[in-house]
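Side chains included, hydrogens not; waters and symmetry mates left out as well; all remaining heavy atoms used. In what follows, every chain begins at residue 1, and chains take the letters A, B, ... in the order their sequences are listed.
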Amino acid sequence: MSKKIQAIRGMNDLLPEQSPLWQYFEGQVAALMLRYGYREIRTPIVEQTALFARSIGEVTDIVEKEMYAFEDRNGDNLALRPEGTASCVRAAMEHGLLHNQTQRLWYQGPMFRHERPQKGRYRQFHQVGVEAYGMQGPDIDAELILLSARLWKQLGLFEHVTLELNSLGSLEARAAYRSTLVAYFESHFDVLDEDSRRRLSSNPLRILDSKNPDMATMLAGAPQLLDHLDAPSREHFAQLTALLDAAGIDYRINPRLVRGLDYYSRSVFEWTTTALGSQGTVCAGGRYDALVEQLGGKPTPAVGFAMGVERLILLLETLDLVPAQSQHGVDAYLLAIGERAEHQALLLGEQLRDVLPDLALHVHCGGGSFKSQIKKADKSGARLALILGEEEVAQGTLGLKYLREEREQETLPRDAAIERLRELLR
RNA sequence: GUGGGUGUAGCUCAGUGGUAGAGCUCCGGAUUGUGGCUCCGGUGGUCGUGGGUUCGAUCCCCAUCAUCCACCCCA
């Protein structure tokens, strides 16, 4: 067992039983993006390490200890992408998509982070990301939230997720607040637990989120982010909440909502669920107005979010919201009994598919008794067993046996059989 | 990176210091070319891996790997 090569830890195979549900989800997403006028972009899975270091932040956990980074044969520093926004910005800039225009983009694909796997958290996981460029008003922030809300409604998840909102203020306001906060924490250094002391330099805003009861009193007295917002950010946030109110989207303002990536400023939001255990964030994002410039482009306002596909799939399963039609089956199963029939079956299958493009047909291969073949036909879930035995071959007919309904089995000349199939597929 | 739980047949799991079982699945038969239900039979395991204790280890001990859950982090 141990000598066999296994999948990499935290990287999962997606088996045939699962793929219809993924396809259902992906189909819903793609159709939704079309309806909102977002266009798909596909970028490489590997980028220069520097792209992520400069965008996500040098001292974040993601960059410091979770990236799959390596040197390629040329000695270049490359990394498997840990998220999609940086690549999206890079590609959009590189191809002039952000030049004097607004842009609505989305993407989908695997991301990689070297974390300890647990429920809803894997080393290779999939995100759907949605990004909008060149628009600074809160209307586009609201659009993204409405878009995600519509997806939850389509999937039946809306009642099971909660929207949390916060504003981090402008980059300057955020930096100033950060300094104030660090000074406050340093003056209470003796109360800080080990985790918080570590976070003092990496992500001090996170300390506010600590669940340690010993720090509760100290945290309650900490300076509040919302009190340190700059006026434009405050106004932006007020307008965003007003738009959501008007649209009838409930939200909870969470002053402690802090995103882990350095590039966020102003609006940030998170959709969470309590049904998945500790990895309850199912979708999250926010504004990153400074990132494009930071990566060498012209100043360009930007907002975006990403959804965790595994978590959403898990949620659909947990809540029993998997639609029945996402179970793919086959319409008919062609049996071949006897040497002559076996020779003809494949060709007959091709003829049927030529004239019946909607037919999902499973042609039996590998021989076996009549009984074993019809058992397999039954297990395949097919509505019909098409029977090609010695008699049918000799007479140029085809047997049709109905496996799921009370209906007499019939044996028809080939042409008539095709017509019958055509009727049944309608 | 830290802590805890779990690794026995393809799957779900029993079990014992004397080298293993059930249910389901799969294959065959009862029914020469007719599935689902029933009955009968069969295939299938170096008991995760390596070491230690022991006359003897699947069981006890250590290590290791995998997996699950939580911390952390985040989608």
Exercise. Taking atom CG of A:Leu425 and atom CZ of A:Arg383, what is their separation to the nearest 0.5 Å?
Worked result: 8.0 Å

Problem set entry | Salt bridge flag under 4.0 Å for residues A:Arg420 and A:Glu423 | yes

Exercise. Under a 4.0 Å N-O cut-off, is there an ion pair linking A:Asp378 with A:Lys375?
Worked result: no

Under 4.0 Å: is that the gap between some side-chain N or O of [X] and OP1 or OP2 of [N]?
X        : N     : value
A:Thr60  : B:C73 : no
A:Gln118 : B:C69 : no
A:Ser278 : B:A70 : yes

Exercise. For A:Gly285 and A:Lys376, take the nucleotide of RNA chain B holding the closest heavy atom to each; which residue's nucleotide lies nearer the 5' end?
Worked result: A:Lys376

Exercise. For A:Val258 and A:Leu276, take the nucleotide of RNA chain B holding the closest heavy atom to each; which residue's nucleotide lies nearer the 5' end?
Worked result: A:Leu276

For this session: Mark yes or no: A:Arg197 above the aromatic ring of A:Phe189, with NZ or CZ under 6.0 Å from the six-membered ring centre and no more than 45 degrees from the axis.
Result: yes

Cut-off 3.5 Å, side chains only: do [X] and [Y] have a donor facing an acceptor?
X        : Y        : value
A:Tyr68  : A:Gln124 : no
A:Glu410 : A:Tyr402 : yes
A:Arg287 : A:Ser267 : no
A:Glu392 : A:Thr411 : no

Give me the distance, rounded to whole Å, that separates [N] from [M] when you measure between the [atom1] atoms they each carry.
N     : M     : atom1 : value
B:U6  : B:G15 : P     : 13 Å
B:U46 : B:U8  : C1'   : 13 Å
B:A9  : B:G56 : C1'   : 25 Å
B:U58 : B:G21 : P     : 15 Å
B:G42 : B:C24 : P     : 15 Å
B:C68 : B:G48 : C1'   : 15 Å
B:U49 : B:C11 : P     : 15 Å
B:C37 : B:U43 : P     : 23 Å

Problem set entry | Test item: A:Leu244 and A:Leu165 side chains (from C-beta on) under 4.5 Å apart, heavy atoms | yes

Separation of [X] atom [atom1] from [N] atom [atom2], in whole Å?
X        : N     : atom1 : atom2 : value
A:Met67  : B:A75 : CE    : C1'   : 17 Å
A:Lys119 : B:C71 : NZ    : C1'   : 16 Å
A:Glu66  : B:C72 : CD    : P     : 14 Å
A:Met307 : B:A75 : CE    : P     : 13 Å
A:Glu164 : B:A75 : CD    : C1'   : 14 Å
A:Lys65  : B:C73 : NZ    : P     : 8 Å
A:Glu270 : B:C74 : CD    : P     : 10 Å
A:Asp61  : B:U2  : CG    : C1'   : 14 Å

Is there a donor N/O on one and an acceptor N/O on the other, under 3.5 Å, for the side chain of [X] and the base of [N]?
X        : N     : value
A:Glu194 : B:C72 : no
A:Arg199 : B:C72 : no
A:Arg121 : B:C68 : no

N/O to N/O distances under 3.5 Å, protein versus nucleotides 63-67 of chain B:
| from | atom 1 | to | atom 2 | distance (Å) |
| --- | --- | --- | --- | --- |
| B:U67 | OP2 | A:Arg9 | NE | 3.0 |

For this session: Run the numbers on A:Thr272 and A:Glu270 for side chain to side chain donor-acceptor pair (under 3.5 Å), then give the verdict.
Result: CA-CA 6 Å; A:Thr272 61; A:Glu270 230 173 67; 5.9 Å; no

Under 4.0 Å between any heavy atoms, over every strand shown, what does [X] touch: base, sugar-phosphate, or nothing? Just pick one.
X        : answer
A:Gln373 : nothing
A:Tyr122 : base
A:Ala377 : nothing

Seminar exercise, completed: Symbol by symbol from the 5' end, with Watson-Crick or G-U pairs under 3.5 Å, [ ] crossing and | another strand, RNA chain B is (((((((..((((....[..)))).(((((.......))))).....(((((..]....))))))))))))....

Exercise. With no hydrogens and no angle check, is any side-chain donor or acceptor of A:Arg113 less than 3.5 Å from a backbone partner on A:Pro82?
Worked result: yes

Exercise. So, the side chain of A:Tyr122 versus the backbone of A:Gly120: is there a donor-acceptor pair under 3.5 Å, distance only?
Worked result: yes

For this session: Take the angle between the ring planes of A:Tyr288 and A:Tyr133 and call it parallel below 30°, perpendicular above 60°, tilted in between.
Result: perpendicular

Problem set entry | B/S/- contact track for nucleotides 32-44 of chain B, protein heavy atom under 4.0 Å | -BBBB--------

For this session: Could you give me the CA-CA distance, side-chain angles and deciding distance for A:Gln351 and A:Gln344, then say whether side chain to side chain donor-acceptor pair (under 3.5 Å) is met?
Result: CA-CA 11 Å; A:Gln351 285 167 20; A:Gln344 282 188 20; over 6 Å; no

